[in-house]
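Not measured: the values here are computed from a predicted model.
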Amino acid sequence: MLGWGVDFLRAEMNRLLALLFHQGVLDEQFLQLQQLQDESSPNFVSEVITIYFSESEKLLRNLRMLLMDRELSDYKKMEIHLNQMMGSSSSIGAKRVRNVCVAFRAASEQSNHAGCLRALELLEHEYCYLKNKLHELFQIEQQRALASGVRYPAQHD
């Protein structure tokens, strides 16, 4: 029965990953990130993703603040934040988040306040979807590890 649980959880992880790839949420960079994880660093991917989420939330807050005042919107600062978000999203394979950043940057380059607001809403939506799905993936991975007898340190959100 224990082996079946591990196999079931592995299948659930693969199903979720396949869905995220099919939806274009993730790209092959995420698989490359996973390949860097091994027994010596069993939490490598979740640690990298946790840092990504922490930094992304700061960038999203900064973008929101820059867009609060239509008259004082600093589009150059926005572009800097968007470039950071695009780079970090690319490095973890967050394809849809990266693509929204590209559109957001285009609106910012045109000083299009309404376009930037729409892009920010879409960016926050895509970011939340990614965060929820990766959280679900890491929970399944932890359950699989527990079922197989491997012990991982507790994750902190």
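Neither M78 nor M65 shares a network with the other; the hydrophobic side chains, linked directly or stepwise wherever heavy atoms of I, L, V, M, F, W or Y lie under 4.5 Å apart, form separate groups for each. Residues M86 and V48 fall into different hydrophobic clusters, defined by Ile, Leu, Val, Met, Phe, Trp and Tyr side chains chained together at heavy-atom separations under 4.5 Å. Side-chain heavy atoms closer than 4.5 Å link hydrophobic residues (I, L, V, M, F, W, Y) into clusters, and following such links, possibly through other members, connects L36 to L17. Hydrophobic clustering, with ILVMFWY side chains joined whenever heavy atoms are under 4.5 angstrom apart, groups I140 together with L19. Both L31 and L16 belong to a single network of hydrophobic side chains, linked directly or stepwise wherever heavy atoms of I, L, V, M, F, W or Y lie under 4.5 Å apart.
The distance from atom CD of Q84 to atom CG of L63, rounded to the nearest 0.5 Å, is 9.5 Å. Expressed to the nearest 0.5 Å, how far CG of D74 lies from CD of E79 amounts to 9.5 Å. Remark: R144 CZ to D7 CG distance equals 10.0 Å, nearest 0.5 Å. Between the SG atom of C128 and the NZ atom of K133 there is a distance of 13.0 Å, given to the nearest 0.5 Å. Separation of atoms OG (S46) and CD (Q139) is listed at 12.0 Å; rounding is to 0.5 Å. Between Q32 atom CD and Q34 atom CD the span is 11.0 Å, to the nearest 0.5 Å.
Of the N and O atoms on the side chains of Y52 and S89, at least one donor lies less than 3.5 Å from an acceptor on the other residue.
Smallest separation of non-hydrogen atoms from P42 and S40: CD-C, 3.6 Å.
With a 4.5 Å cut-off on side-chain heavy atoms, L137 and F30 count as touching. Contact of the L122 side chain with the F104 side chain is not registered, since no non-hydrogen atoms from C-beta on lie closer than 4.5 Å. Side-chain atoms of L20 and Q23, non-hydrogen and from C-beta on, do get closer than 4.5 Å to each other. The shortest side-chain heavy-atom distance between V25 and V97 does not fall under the 4.5 Å cut-off. Looking only at side-chain heavy atoms (C-beta outward), F138 and I49 come within less than 4.5 Å of each other. Under the 4.5 Å side-chain criterion, counting only non-hydrogen atoms from C-beta, K95 is in contact with R98. Residues L123 and M85 are in side-chain contact: their nearest non-hydrogen atoms beyond the backbone lie under 4.5 Å apart.
When each of I92, L33, L130 is checked for a side-chain contact (heavy atoms from CB on, under 4.5 Å) with L26, only L130 meets the rule.
A donor-acceptor contact shorter than 3.5 Å is absent between the side chain of H81 and the backbone of N62. A donor-acceptor contact shorter than 3.5 Å is absent between the side chain of S56 and the backbone of F53. In terms of modelled atom types and a separation under 3.5 Å, the side chain of N112 and the main chain of G115 share a donor-acceptor contact. Checking side-chain atoms of Q37 against main-chain N and O of V45 turns up a donor-acceptor pair under 3.5 Å.
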| When you look at L59 and L82, which way does the side-chain contact (heavy atoms from CB on, under 4.5 Å) test go after all the steps? | CA-CA 8 Å; L59 291 170; L82 287 166; over 6 Å; no
| field | salt bridge (Lys or Arg N to Asp or Glu O under 4.0 Å) evaluation trace for E57 with K131 | value | CA-CA 11 Å; E57 286 173 22; K131 186 174 183 177; 2.4 Å; yes
| Check against side-chain contact (heavy atoms from CB on, under 4.5 Å), Y127 and V100 | CA-CA 10 Å; Y127 171 80; V100 173; over 6 Å; no
| task | Mind running side-chain contact (heavy atoms from CB on, under 4.5 Å) on C116 and Y75 for me, showing each step along the way? | result | CA-CA 9 Å; C116 287; Y75 294 102; 3.9 Å; yes
| I51 and S54: side-chain contact (heavy atoms from CB on, under 4.5 Å), yes or no, with the steps? | CA-CA 5 Å; I51 293 167; S54 175; 5.7 Å; no
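Using a cutoff of 4.0 Å between basic side-chain nitrogens and carboxylate oxygens, E126 and R96 are scored as salt-bridged. Taking the charged nitrogens against the carboxylate oxygens, E121 and R118 have no contact shorter than 4.0 Å, which rules out a salt bridge. Ion pair E124/R64 flagged as a salt bridge, since at least one NZ, NE, NH1 or NH2 atom sits closer than 4.0 Å to an Asp/Glu carboxylate oxygen.
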